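Input: a single structure, listed below in structure tokens.
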Protein chains: 2
Amino acid sequence: MIIQNLSKMERQKKIKEYLLKDPFLSDKKLAELFNFSVQTIRLDRLEMGIPEMRKRIIQVAKNTSSIDKVKSLKKEEIIGELIDIELGKNGIAILKTTKSMAFNRTGIIRSHYIFSLADSLAISIIDAEVALTGIARLSYKKPVYAGQTLVAKARVARKRSNKFLVSVHVKSNQKEVFTGKLIIFSVKDSSKKEGGINENSY
Amino acid sequence: MIIQNLSKMERQKKIKEYLLKDPFLSDKKLAELFNFSVQTIRLDRLEMGIPEMRKRIIQVAKNTSSIDKVKSLKKEEIIGELIDIELGKNGIAILKTTKSMAFNRTGIIRSHYIFSLADSLAISIIDAEVALTGIARLSYKKPVYAGQTLVAKARVARKRSNKFLVSVHVKSNQKEVFTGKLIIFSVKDSSKKEGGINENSY
DNA sequence: TTACAATTAATAGTTACTAATAATAGGTAC
DNA sequence: GTACCTATTATTAGTAACTATTAATTGTAA
């Protein structure tokens, strides 16, 4: 299954996607897959800041792959898939909706699935051992239908002592379907930061 | 000979132990740790049939990455039990919380389970074929611990055309743990429909 | 045609190995 | 003492999957 005739941007986007799905692909295999030279693939990786295969594998093994940085939630506790995170700042999670999340009759996703995505992402980005939701304001903009993929972006808008105001925007096909403002309380601080921002997530 | 054999055996045993704890150790690092040459470590690994570092890491990575990243809420887990309802007016639902709904570390129930209870109850008391949550204000008063039983009471506070303001109060042991105000939109009226009781959420 | 981006090639150096062979230190057996 | 044996260490050649750098080639648009 060789892919051809791709623009540079398209190729880079695809490389990203492929590596998110399968971090075990070497440059050589990618080159064969996309029918470009190994050097081109390497340049692409460099431009996108994606580390080499061996480092990616180590990340996966250590679970340093963004998910492990999360202290409040373990990976099984996160609804959706966490794809990028900067602790204390922001994060992105994706949820692929299915029929089982929807009302049978309409195929519309039940609101609490969307809230669950937003809420667990919001909690994930708090840099604390224990984080609890206190107050939330939710706004559902558009119905989401089973099969649509939701992209949630959360951002710490304000911090006062142990109180975090987190805003979450959920989109499907570039269109906003949900926004929420959550006030989250951190119960314990885990401030033994080990600087390394990014490389973990791409 | 015996003494040396013993030390060799001891070393190999230790290597095994070290690698079980930390599969990321290279031969070089092991050699430094045990103060033996890299070649000796290699021979030890060979004798014990332990693969090289990179292969060990791949094993670890494949194991951990096989974990299902997308965890969704199961129906039985969120629904709770609808114990009383007056369509268009009010309703009561009960949810027995379990460990699987809680943070492992603290045993505190994840907020979206409580919201799910409140939201699906609120939707179910709306006398409409399709009801969707539009806006919600949530307030978590107290942490709920796994094992506690939650009682949710929902009431239609106001109705304007297809817009319902529903307030939900959730208690555990007579104490309020959550309140929410939800604005729910009915999309179609079901007052004439047969079996007008909501399959929507319950 | 020139200019520039995109792509490919080529080269040297790295890590963490495998595989094979050889050298050395120490003891044992007769 | 010499032959033998084991454990250990060293050496060499070769591998995959890179990084980093420089250079050459191809394509395309002004």
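Just so it is clear, the values below take in all heavy atoms, side chains as well, and ignore hydrogens, waters and symmetry mates. Just so it is clear: chains get the letters A, B, ... in the order the sequence lines come, proteins before strands, and each one is counted from 1. Just so it is clear, the structure is predicted and the values come from calculations on it, not from any experiment.
- Rounded to an integer number of Å, the gap from CD1 of B/Ile41 to P of C/dT18 is 13 Å.
- For the pair B/Arg11 and B/Phe36, the cation sits on the ring face: its NZ or CZ lies under 6.0 Å from the ring centre, inside 45° of the axis.
- Under the 3.5 Å distance criterion, with hydrogens and angles disregarded, no donor-acceptor pair is assigned to the side chains of A/Lys96 and A/Thr98.
- Both B/Ile50 and A/Glu47 lie close to DNA chain C; mapped to their nearest nucleotides by heavy-atom distance, the more 5′-ward contact belongs to A/Glu47.
- Out of D/dT19, C/dT15, D/dT8, the shortest distance to the side chain of B/Thr40 is found at D/dT8.
- Ring centers of A/Phe178 and A/Phe115: at least 6.0 Å apart, outside the cut-off.
- Contact annotation for B/Arg56: no contact, since no heavy-atom pair falls under 4.0 Å across all strands.
- For the pair A/Leu25 CG and D/dA16 C1', the computed distance is 15 Å after rounding to whole Å.
- Atom-to-atom, CE of A/Met48 to P of C/dA6 comes out at 14 Å; the value is rounded to the nearest Å.
- The nucleotide whose nearest atom lies closest to any side-chain atom of B/Phe36 is, among D/dT8, D/dC18, C/dA9, D/dT8.
- Nucleic acid contact for A/Leu46: none, since no nucleic acid atom lies under 4.0 Å from a heavy atom of the residue.
- Nearest nucleotide to the B/Arg42 side chain, out of D/dC18, C/dT7, C/dT18: C/dT18.
- One can place CG of B/Asp44 at 10 Å from P of D/dA7, the figure rounded to the nearest angstrom.
- To the nearest angstrom, P of D/dT8 lies 15 Å from CG of B/Leu30.
- Listed nucleotides: C/dC17, D/dT8, D/dC18. Nearest to the side chain of A/Asp27: D/dC18.
- Summarising the geometry, the separation between CZ on B/Arg45 and C1' on C/dA19 is reported as 12 Å, rounded to the nearest angstrom.
- In this structure, B/Glu32 atom CD and C/dT15 atom C1' are separated by 14 Å, rounded to whole Å.
- A donor-acceptor contact shorter than 3.5 Å is absent between the side chain of A/Arg56 and the backbone of A/Leu19.
- When the nucleotides D/dC18, C/dA16, C/dA9 are ranked by their closest atom to the side chain of A/Ser37, C/dA9 comes out on top.
- Closest to the side chain of B/Arg11, out of D/dT8, C/dC17, D/dC18, is D/dT8.
- Residue contacts for B/Gln39: at a heavy-atom cut-off of 4.0 Å it reaches a base atom on one of the strands shown.
- The interatomic distance linking B/Leu43 (CG) with D/dT9 (C1') rounds to 10 Å, in whole Å.
- Judged by distance alone, the side chain of B/Ser111 and the main-chain N or O of A/Thr133 form no donor-acceptor pair under 3.5 Å.
- Each of D/dT19, D/dA17, D/dT8 was ranked by its minimum atom distance to the side chain of A/Arg54; first place goes to D/dA17.
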